[in-house]
Every structure is written in structure tokens, then in C-alpha cells.
> 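After the C-alpha cells below, expect a handful of questions from me.
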Amino acid sequence: MDGNGRWAQQRGLKRTDGHAAGEEALFDAVEGALDLGVSWFSVYAFSTENWTRPVDEVRFLMNFNRKILIEHRDDLNAKGVRIRFLGRRDWRVPRGLLKVIEETEALTARNRRMTFSICFNYGGRAEILDAVTAMVRDGISADKVNEKTLRRYFYAPDMPDPDLVIRTSGEYRISNFLLWELAYSELIFTPIYWPDFRREHLFDAVRDYQARDRRFGGLT
Ligand code: IPE
Ligand code: MG
């Protein structure tokens with residue numbers, strides 16, 4: 001969900017106003033995904049690198065994430081959405097937010113219409129490292145190490161690799177998002193800043209995706 005800061009700057013607003021404006025975009029996109037019948041929908045909300053931002057912005061984002069969870073979880077729960085957080089639950093995540101994350105996951109755990117994964121304090125490299133560390137700690141022997149075993153140690157072992165990834169704001173990079181999982185994902189880059197993103201943009205991306213020829217390294 002990139003481009004909040006530039007969206008705000010364009011309007012002479014504070015960067016945090018841009019984040020706030022991203023809320024409408026997010027829940028419109030979620031509605032769009034539900035309309036489409038998407039069963040796995042993920043967003044990149046906060047990276048392991050985002051802690052390097054000014055403390056005020058980080059603090060805003062922590063409070064903001066807690067606020068939007070509290071405000072939207074009952075509605076999403078009623079719509080059959082399972083909400084999950086993917087990322088490191090380390091000491092940097094404020095305790096109050098962690099509590100709301102855990103409550104929200106528990107509240108929505110039995111829903112299956114759509115899994116809405118919020119990548120938060122998430123890094124693709126961190127995920128792979130955490131998986132390797134946990135495997136070593138569990139004493140998995142070298143001959144048992146393969147892609148399937150490694151995946152079992154990821155933050156969401158049951159999550160299929162993404163078919164489609166949309167990056168907003170005109171940047172052409174992955175920025176540490178789901179590094180392992182998006183080996184064969186179709187990528188779509190749009191110049192739209194996240195606060196301007198709406199379900200129609202998701203539909204456009206899906207139409208674009210449907211015209212792609214996916215070969216997974218093979219031939220068609
Ligand atoms: C994305 O918008 C939101 C987060 C990373 C939390 P940015 O804050 O990166 O917006 P730009 O890239 O500065 O425009
Ligand atoms: Mg950015």
C-alpha cells in the first residue's frame with residue numbers, strides 16, 4: 001500500500017494524513033476482493049524496515065492499525081473474513097496493538113470466505129530467516145530440508161503463493177514483500193498512490209492478470 005506520503009505531500013498535508021486516507025482505499029479493496037470471490041487477500045502494511053521512519057510517524061501507524069482493526073473487525077467478521085497478521089511479533093510491536101491483533105485473529109479464526117492477511121512488521125528475508133532458525137531449533141536434519149518443510153515454518157504455512165501482486169505508487173520493486181512466495185507471481189505496477197486506490201483498480205488488475213500466460217518455467 002505505497003504512496004501515502006506523496007499523496008499527502010501533493011495536497012500540502014502531513015504524511016500521516018496520507019496514511020489516514022489509505023483506510024478508505026483498503027476497505028474498498030477488501031470489498032472488491034470479496035465481490036470477486038478472492039479467497040486469499042494480503043496487504044503489506046508495515047515492513048521490518050519501516051521502524052527507521054521518524055518516531056512520530058511510527059507511533060501514528062501503530063495507533064492507526066489498532067484503531068482500524070477495532071473499527072472494522074466486527075463488520076469483516078460478519079462478512080466471513082478471517083483476519084491474520086503475518087510478521088515478527090517482537091518487542092517493537094506495542095503491547096496494546098498486539099492484544100488487539102490476537103483478539104481479532106481469535107474472533108475471525110473460523111471464517112473461511114476470505115483470508116485477509118495483514119503483513120505487519122513483516123520482511124521477506126526475516127520470514128525466511130525465522131523459518132530456518134525454527135527448523136534448526138527443532139533439530140530438523142539436513143535430509144529432511146526441502147521446500148515443503150521450509151514452508152511449514154513460514155508465518156502462514158497454509159497460504160498459497162500469490163497469483164497476483166499489485167504495487168501502487170509507481171515504484172518498480174518488491175521491497176522485501178513475500179520474497180519466497182512470489183517466485184512465480186504475476187506483478188502489476190500502477191502509478192496510483194494508495195489513498196486513491198479503489199476496487200475498480202483491483203478489477204482492472206485482475207483483468208490484466210487474466211490475459212497473462214503463466215508457464216511456471218514450463219511451456220504451454
Ligand atoms: C506506504 O506509504 C505506507 C507505509 C509504508 C506504512 P508511504 O508512507 O511509503 O508513502 P510514500 O512512499 O512516502 O509516498
Ligand atoms: Mg513508500
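Order of appearance sets the numbers: ligands from 1, and atoms from 1 within every ligand. Both backbone and side-chain heavy atoms feed into the values below; hydrogens, waters and symmetry mates do not. Along the sequence shown, residues carry numbers from 1.
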> Looking at Glu24 and Arg198, is there a salt bridge between them, counting it only when a charged N and a carboxylate O are closer than 4.0 Å?
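Answer for the salt bridge query: yes.
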> What do we get for Ala45 next to ligand 1 when only non-hydrogen atoms under 4.0 Å count, side chain, backbone, both or neither?
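Contact part for Ala45 vs ligand 1: backbone (N, CA, C, O).
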> Say you draw a straight line from CZ of Arg53 to OG of Ser47; how long is it, rounded to the nearest 0.5 Å?
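These two atoms lie 7.5 Å from each other.
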> Between the side chains of Glu71 and Lys67, is the shortest nitrogen-to-carboxylate-oxygen separation below 4.0 Å, so that they form an ion pair?
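Between Glu71 and Lys67 there is a salt bridge, with a charged N closer than 4.0 Å to a carboxylate O.
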> May I ask whether Glu171 places a heavy atom under 4.0 Å from ligand 1?
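Judged by the 4.0 Å heavy-atom criterion, Glu171 does not count as contacting ligand 1.
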> Do Thr133 and Asp130 get their side chains close enough for a donor-acceptor pair, meaning under 3.5 Å?
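Not at all, the side chains of Thr133 and Asp130 share no donor-acceptor pair under 3.5 Å.
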> In Å and rounded to the nearest 0.5 Å, what is the CG to CZ distance from Leu129 to Arg88?
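Reported value, rounded in 0.5 Å steps: 6.5 Å.
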> Going by atom types alone, do Tyr155 and Arg89 pair a side-chain donor with an acceptor below 3.5 Å?
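No, no side-chain donor-acceptor contact under 3.5 Å.
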> Around the Mg ion (ligand 2), how many protein N, O or S atoms are closer than 2.8 Å?
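For the Mg ion (ligand 2), protein nitrogen, oxygen or sulfur atoms under 2.8 Å: 1.
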> Looking only at distances, please establish whether an N/O atom of ligand 1 is found under 3.5 Å from an N/O atom of Phe46.
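The answer is no, given that Phe46 and ligand 1 share no N or O pair closer than 3.5 Å.
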> Just say parallel, tilted or perpendicular for the rings of Phe197 and His201, cut-offs at 30° and 60°.
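It falls in the tilted class, 30° to 60°.
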> Any idea which part of Gln10 is under 4.0 Å from ligand 1, heavy-atom wise: side chain, backbone, both or neither?
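None of Gln10 does.
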